[in-house]
There are 2 protein chains.
Amino acid sequence: MSTAEQSEPKAEPRRPLSRERVLRGAIELADERGIESVTMRALAQQLGVEAMSLYNHVANKDEILDGMVDTVMEEINDATSSISGEWKSAMRRRILAARQVLLRHPWATGALVSRTSDSVPLTKYYESLIGLFHAGGFSYDLTHHALHALGSRALGFTQEPFDDSQEIPDPAALAQQMAAEYPNTAALLESVTHDADTTLGWCDDQFEFEFALDILLDGLERHRDAG
Amino acid sequence: MSTAEQSEPKAEPRRPLSRERVLRGAIELADERGIESVTMRALAQQLGVEAMSLYNHVANKDEILDGMVDTVMEEINDATSSISGEWKSAMRRRILAARQVLLRHPWATGALVSRTSDSVPLTKYYESLIGLFHAGGFSYDLTHHALHALGSRALGFTQEPFDDSQEIPDPAALAQQMAAEYPNTAALLESVTHDADTTLGWCDDQFEFEFALDILLDGLERHRDAG
DNA sequence: ACCTGAACACCGTTCAAGT
DNA sequence: ACCTGAACACCGTTCAAGT
């Protein structure tokens with residue numbers, strides 16, 4: 001009637017370690033505390049083991065990062081591969097579904113763009129997008145350009161060099177303060193924050209994502225019809 | 001007639017250290033050997049000094065990274081701020097000029113998207129783009145959407161989750177090998193590598209960048225005219 | 001005011017030793 | 001076959017001491 005008592009954080013019931021469990025643990029850690037807190041020692045501790053044990057199941061830390069990305073890509077494939085229909089609508093729904101997966105793993109976009117080795121689930125994802133374009137009347141050549149044009153948007157994310165996620169406590173004050181040196185930026189800020197449809201933050205990221213996505217899909221369709 | 005002989009690598013004639021010199025040294029190091037080789041110790045060595053001396057001129061390593069990005073952004077501002085004319089052509093030329101600067105500093109795109117603090121030269125750059133859009137008949141609201149739609153492309157770069165920079169030694173063989181599991185990808189690969197206008201690598205990144213940029217600028221113009 | 005040696009807390013990783 | 005303690009080479013950073 002007595003199992004060993006243990007008060008370690010996250011102590012799962014001590015199943016044997018495996019590559020699978022190492023990757024799941026790493027993803028859990030990254031989701032909860034950020035990718036930078038995924039260290040060999042912290043990951044081992046969460047799994048109730050010493051850091052060195054991890055090397056029995058993965059070659060090194062890079063392989064963990066690659067494995068984490070692959071796991072997320074499989075999640076995306078599960079969420080998107082069955083979405084079909086008219087090419088533009090299907091493409092749109094697939095990409096937005098991929099986006100939902102990535103929003104659950106904020107660290108994954110950075111890991112995706114920085115990895116160099118190629119990934120089977122990533123290749124599968126693109127294989128399926130390519131099929132969708134081709135079935136929609138796109139030549140393979142135009143499909144190739146289309147994938148470049150979409151860039152990381154094909155997977156449901158963009159990376160921008162400014163941070164719009166933060167709330168602006170007093171937009172009017174900020175605009176006034178910027179007005180002297182940055183008049184256009186101040187005017188934009190004032191206009192945008194007065195607008196009814198952006199009440200969430202000062203940017204509705206989902207709206208902006210779909211806005212750009214639709215411009216690209218429409219533009220690509222025009223190229224197809226002109227070709 | 002005799003200056004002290006010294007055989008250290010990169011030994012500049014021992015000017016006094018300064019924040020300016022620290023940042024220039026860091027950029028030089030990153031350009032030549034990659035951002036991951038910019039460590040406090042390596043940077044100090046290149047400057048002919050001990051690692052600890054750097055802390056007299058910058059607060060910490062993050063401030064060095066921020067300073068490196070700001071320096072590159074100033075280079076971009078110098079290269080773009082005088083480009084004017086009809087909005088679409090001017091926007092296009094500015095963005096392509098920014099791209100040329102970033103191609104000289106391959107590490108800068110990664111540093112740009114990962115930094116959180118806001119940057120004066122980055123704000124200046126966007127101030128000038130906003131001005132160009134507004135002068136071109138865009139409302140501030142539409143300009144805001146436009147900047148989101150361009151994303152990092154406004155600065156001349158994209159980040160894609162696959163690497164097309166590598167040469168494919170034998171594309172036909174690769175296509176045949178992929179054909180069973182990834183038929184669409186194989187067909188795309190075969191079509192693209194047979195094509196005359198992509199003889200450089202298997203992707204002409206400059207072409208792809210302009211292709212997507214033009215779709216976006218044209219699409220934005222349509223929105224302006226429809227509004 | 002600027003530079004430095006020694007030290008600290010943290011990495012990823014190796015290796016010989018345990019079971 | 002899997003796990004571990006001790007150790008190594010490397011980080012960024014602090015601090016007291018030098019000039």
Side chain to side chain, R19(A) and L23(A), heavy atoms closer than 4.5 Å
yes
Hey, does H148(B) have a side-chain heavy atom less than 4.5 Å from the side chain of C203(A)?
yes
Nearest 0.5 Å, please: how far is CG in L47(B) from NE2 in H57(B)?
10.0 Å
How many angstroms lie between OG in S128(A) and CE in M91(A), if you round to the nearest 0.5 Å?
8.0 Å
Nearest whole Å is fine: how far is [N] [atom2] from [X] [atom1]?
X: M40(A); N: dC10(D); atom1: CE; atom2: P; result: 19 Å
X: I35(B); N: dC11(D); atom1: CD1; atom2: P; result: 14 Å
X: E50(A); N: dC15(C); atom1: CD; atom2: C1'; result: 16 Å
X: R41(B); N: dA9(D); atom1: CZ; atom2: P; result: 14 Å
X: L43(A); N: dG12(C); atom1: CG; atom2: C1'; result: 13 Å
X: L54(A); N: dT14(C); atom1: CG; atom2: C1'; result: 14 Å
X: L47(A); N: dC2(D); atom1: CG; atom2: P; result: 16 Å
X: E63(A); N: dG12(C); atom1: CD; atom2: C1'; result: 14 Å

Measure from the side-chain heavy atoms of [X] and tell me the nearest of [options].
X: H57(B); options: dC3(C), dC15(C), dC3(D); answer: dC3(C)
X: Y55(A); options: dC11(C), dC2(D), dT14(C); answer: dT14(C)
X: K61(B); options: dT13(D), dG5(D), dC3(C); answer: dT13(D)

Closer than 4.0 angstrom, basic N to acidic O: yes or no for K124(A) and E181(B)?
no
Give T39(B) one of three labels, base, sugar-phosphate or nothing, depending on what nucleic acid heavy atoms sit under 4.0 Å from its own.
sugar-phosphate
M52(B) vs S53(A), nearer the 5' end of DNA chain D by closest nucleotide
S53(A)
Just by modelled atom types, is the P121(A) backbone N or O under 3.5 Å from a matching donor or acceptor in the N77(A) side chain?
yes
Which residue pairs satisfy the salt bridge (charged side-chain N to carboxylate O under 4.0 Å, His left out) criterion with at least one member in residues 96-114 of chain A, sequence neighbours excluded?
E75(A)-R104(A)
Find the runs of at least 3 consecutive base pairs, i with j, i+1 with j-1 and so on, that include DNA chain C, using Watson-Crick or G-U wobble geometry with both distances under 3.5 Å.
C:4-8 with D:12-16, C:12-16 with D:4-8
